[in-house]
Student: 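One structure, pasted below without further comment.
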Amino acid sequence: MVDEPKNRGGDVADIARLVVALVGSALVGVGGWLHYPPLGFAASGLMLFTIAVLGTVRAR
């Protein structure tokens, strides 16, 4: 039998952080693209990569 988590507040907070990270990454990408088009993709990709690495380290 699988135990159900008692507190779902952590799941909601994780989803909220993910949404904020995606919106922030999109804004960084658009800002970089307006400055110099290839920079937008590089900046956004670097930000998403950093978020993925930090999330992986945090999950350990």
Side-chain angles (χ1 to χ4, degrees):
M1 182 177 273
V2 177
D3 292 333
E4 290 293 322
K6 298 194 192 274
N7 186 3
R8 293 252 177 205
D11 293 339
V12 174
D14 286 340
I15 291 170
R17 273 190 226 107
L18 180 62
V19 168
V20 170
L22 290 174
V23 169
S25 177
L27 291 175
V28 165
V30 168
W33 183 80
L34 288 173
H35 180 67
Y36 177 63
L39 179 64
F41 296 109
S44 181
L46 180 64
M47 186 172 176
L48 288 174
F49 177 75
T50 304
I51 290 168
V53 169
L54 290 176
T56 303
V57 169
R58 183 174 177 249
R60 284 187 170 189

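Atom set for the values below is all heavy atoms of this structure, side chains included, hydrogens, waters and symmetry mates excluded.
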Student: How is the hydrophobic cluster of Leu46 composed, in terms of its other members, when Ile, Leu, Val, Met, Phe, Trp and Tyr link through side-chain heavy atoms under 4.5 Å apart, directly or indirectly?
Tutor: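 None; Leu46 is a cluster of one.
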
Student: Do any pairs count as a salt bridge (charged side-chain N to carboxylate O under 4.0 Å, His left out) and have a residue in residues 18-40, sequence neighbours left out, and if so which ones?
Tutor: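 Non-adjacent pairs meeting salt bridge (charged side-chain N to carboxylate O under 4.0 Å, His left out): zero.
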
Student: Under the salt bridge (charged side-chain N to carboxylate O under 4.0 Å, His left out) definition, can you give me all pairs with a residue in residues 21-36, not counting sequence neighbours?
Tutor: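 Non-adjacent pairs meeting salt bridge (charged side-chain N to carboxylate O under 4.0 Å, His left out): zero.
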
Student: Going by salt bridge (charged side-chain N to carboxylate O under 4.0 Å, His left out), name the pairs with one or both residues in residues 46-57, residues two or more places apart or in two chains.
Tutor: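 Sorted pair list comes back empty.
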
Student: Only pairs under 3.5 Å count here: list side-chain donor-acceptor contacts from residues 28-43, not counting sequence neighbours, and write none if there are none.
Tutor:
none

Student: Could I get the full list of side-chain contact (heavy atoms from CB on, under 4.5 Å) partners for Leu18, not counting sequence neighbours?
Tutor: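 If we apply the side-chain contact (heavy atoms from CB on, under 4.5 Å) test to Leu18, skipping adjacent residues, the hits are Leu22.
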
Student: Please list all pairs passing the salt bridge (charged side-chain N to carboxylate O under 4.0 Å, His left out) test where one or both residues lie in residues 45-58, with sequence neighbours left out.
Tutor: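 Listed by first then second residue: Asp14-Arg58.
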
Student: Write out all pairs satisfying side-chain hydrogen bond (donor to acceptor under 3.5 Å, both in side chains) with one or both partners inside residues 41-54, taking only residues at least two apart or from two chains.
Tutor: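 Sorted result for residues 41-54: Ser25-Ser44.
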
